[in-house]
Amino acid sequence: MDVVRPEFVPDPSLSTAEMEALQRDIADVAVFDDDHGVDPAAVAIDGPVGQSTLGEAGDGAADEPDADRPLVAGVDQAFVGDRAVSAVVVLRGRTVVERAFAVEPTEIPYVPGLLSFREGGAILSAFAELDADPDLVFVDGSGRIHYREAGLATHVGVTLDVPTVGVAKNLLCGTPRESLDRKLPEGTRVPIDADGDVETAERGTCIGYAVQTRQYESETQYVNPLLVSPGHRVGTETAADLVLATAAGYKLPEPTRVADSYADELKSEV
DNA sequence: GCGACAG
DNA sequence: ATCTTGTCGC
């Protein structure tokens with residue numbers, strides 16, 4: 001996959017003010033509505049909990065049950081010393097059809113709100129190595145849940161012009177409509193509203209959801225929800241639907257989970 | 001000055 | 001993100 005909007009490629013050498021200005025430009029062209037053709041039901045991974053399997057080279061369409069299903073990718077980063085490893089995995093249903101990666105030196109430290117300038121370059125390089133063009137990409141981090149509505153998932157989605165969903169484990173900004181500090185049942189979603197920290201959105205606008213993909217049986221112990229938001233060309237509600245549909249018995253959606261372990265695997269080899 | 005802050 | 005042992009549970 002190649003960059004479609006070169007003017008948005010993250011440049012770590014920009015000043016903070018320039019980075020923030022670029023994010024505003026990105027948010028201006030980002031589409032937080034459905035424009036993707038992916039039916040959550042078509043990407044749903046159901047049945048018993050099981051690991052995604054690597055597709056075999058000789059698989060023909062005849063015995064491939066997922067042949068007509070959408071391609072969904074997951075991307076995740078790991079760090080080795082001063083280098084970032086970005087790993088992309090493409091799934092069709094539960095089958096891994098392609099993997100790609102890139103290793104690049106980290107130019108700048110992590111700064112909340114400017115994550116895409118630290119990790120975006122490696123991600124784009126990994127996608128440049130990818131032959132497939134996925135119908136949807138899950139990115140590890142926020143999308144619209146961001147100070148300028150231009151988080152990592154939005155930045156990557158707009159630059160590649162591919163539908164993306166942001167999946168984060170922690171909340172960057174915004175206010176949950178109800179407390180998340182309690183045990184939420186599996187399948188629950190709690191709206192995240194823009195607050196004073198979100199400069200570009202009217203206060204009260206729903207910019208994402210806390211999504212409970214998994215929960216324990218136990219009464220006292222509980223799993224924290226994921227924080228899901230549109231990256232690009234996906235609506236807020238649909239972003240939550242897609243995450244719930246692709247969570248196969250684990251907290252993380254399957255594409256993200258598989259990209260996670262691939263990044264770990266690469267870390268040992270690099 | 002103090003608190004908050006994706007990965 | 002990363003540094004790390006044991007431990008609870010299916």
Side-chain angles (χ1 to χ4, degrees), chain A residues 10 12 16 19-20 23 26-27 30 48-51 74-88 101-124 126 137-157 164-176 180-181 192 194-199 207-211 214-232 239 243 249-253 256-257 259-268 270:
Chain A
T16 296
M19 290 179 179
E20 294 177 352
Q23 290 181 329
I26 288 167
V49 174
Q51 293 72 45
V75 58
D76 184 52
Q77 286 69 246
F79 296 84
V80 186
D82 56 358
R83 291 185 298 173
V85 180
S86 184
V88 186
F101 73 94
V103 181
E104 285 189 358
T106 53
E107 311 280 352
I108 58 174
Y110 165 66
V111 177
L114 301 178
L115 181 65
S116 61
F117 292 91
R118 172 174 164 84
E119 304 189 352
I123 294 175
L124 295 178
V137 179
F138 286 110
V139 179
D140 65 315
S142 287
R144 193 182 182 185
I145 296 179
H146 181 272
Y147 306 125
R148 290 162 292 279
E149 295 179 281
L152 181 62
T154 302
H155 201 146
V156 170
T164 56
V165 170
V167 179
K169 299 180 195 70
N170 293 288
L171 190 59
L172 175 63
C173 59
T175 303
L180 301 181
D181 191 31
I192 304 298
D195 56 19
D197 291 339
V198 183
E199 312 160 9
I207 53 175
Y209 283 96
V211 178
R214 192 194 166 179
Q215 192 50 278
Y216 292 144
E217 303 281 320
S218 165
E219 197 65 51
T220 52
Q221 208 167 189
Y222 62 88
V223 178
N224 296 124
L226 289 174
L227 295 137
V228 178
S229 59
H232 182 46
V243 167
Y250 296 90
K251 173 170 174 169
L252 293 173
T256 301
R257 200 178 67 80
D260 232 274
S261 50
Y262 183 38
D264 260 7
E265 178 187 329
L266 288 167
K267 196 164 49 163
S268 308
V270 175

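Just so we're on the same page: letters track the sequence lines, and every chain starts at 1.
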(message) Mind checking if A:Ala153 touches a base, just sugar-phosphate, or nothing, with heavy atoms under 4.0 Å?
(response)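 Nothing, no nucleic acid heavy atom in range.
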(message) For chain A and DNA chain C, what are the first and last nucleotides along the strand, 5' to 3', with at least one atom under 4.0 angstrom from a heavy atom of the protein chain?
(response)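 Nucleotide range with atoms under 4.0 Å of chain A: C:dA1 to C:dT2.
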Which atoms form the tightest heavy-atom contact between [X] and [Y], and what is the distance?
X: A:His232; Y: A:Gly157; answer: CD2-O, 3.4 Å
X: A:Ile192; Y: A:Pro176; answer: CD1-CA, 3.8 Å
X: A:Gly166; Y: A:Ala153; answer: CA-CB, 3.5 Å

(message) Less than 4.0 angstrom from a charged side-chain N to a carboxylate O is my criterion; do A:Lys267 and A:Asp264 meet it?
(response) yes
(message) With a sphere of 6.0 Å drawn around CZ of A:Phe117, does it hold more than 12 non-hydrogen atoms of other residues, nucleotides or ligands?
(response)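 Yes - once you tally the heavy atoms of other residues, nucleotides and ligands closer than 6.0 Å, there are more than 12.
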(message) Could you work out, with side chain to side chain contact (heavy atoms under 4.5 Å, CB included) as the rule, every residue matching A:Leu115, not counting sequence neighbours?
(response)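 Scan of A:Leu115 (side chain to side chain contact (heavy atoms under 4.5 Å, CB included), adjacent residues dropped) gives A:Tyr110, A:Glu119, A:Leu152.
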(request) Using Watson-Crick or G-U wobble pairs with both distances under 3.5 Å, give me DNA chain C in dot-bracket, 5' to 3', with [ ] for crossers and | for pairs to another strand. (result) ..........
(request) Shoot me the first and last contacting nucleotide of DNA chain B against chain A, ordered 5' to 3', at under 4.0 angstrom to non-hydrogen atoms. (result)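 Going 5' to 3' along DNA chain B, contacts run B:dC5 to B:dG7.
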(message) Let me spell it out: for each of A:Gln221 and A:Asp260, pick the nucleotide of DNA chain C with the closest heavy atom. Which residue's pick is nearer the 5' end?
(response) A:Asp260
(message) Just verifying a value: how many Å separate A:Ser86 OG and A:Asp76 CG, rounded to the nearest 0.5 Å?
(response) 8.0 Å
(request) Enter the distance from A:Tyr250:OH to A:Asp260:CG here, rounded to the nearest 0.5 Å. (result) 13.0 Å
(request) Please list residues of residues 107-114 of chain A whose heavy atoms come under 4.0 Å from any atom in DNA chain B, ordered by number; otherwise none. (result) A:Tyr110, A:Pro112, A:Gly113, A:Leu114
(request) Kindly indicate whether a cation-pi arrangement holds for A:Arg118 with A:Phe79, taking the cut-offs as under 6.0 Å to the six-membered ring centre and within 45° of the axis. (result)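 Flagged: A:Arg118 positioned over aromatic ring of A:Phe79.
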(message) Test side-chain contact (heavy atoms from CB on, under 4.5 Å) on A:Val156 and A:Val137; report intermediate values, then the result.
(response) CA-CA 10 Å; A:Val156 170; A:Val137 179; 5.7 Å; no
(request) Walk me through it: do A:Thr154 and A:His146 pass the test side-chain contact (heavy atoms from CB on, under 4.5 Å)? (result) CA-CA 10 Å; A:Thr154 302; A:His146 181 272; over 6 Å; no
(request) Anything below 3.5 Å on both distances counts as a pair; with that, list the stems of at least three consecutive Watson-Crick or G-U pairs involving DNA chain B. (result) none
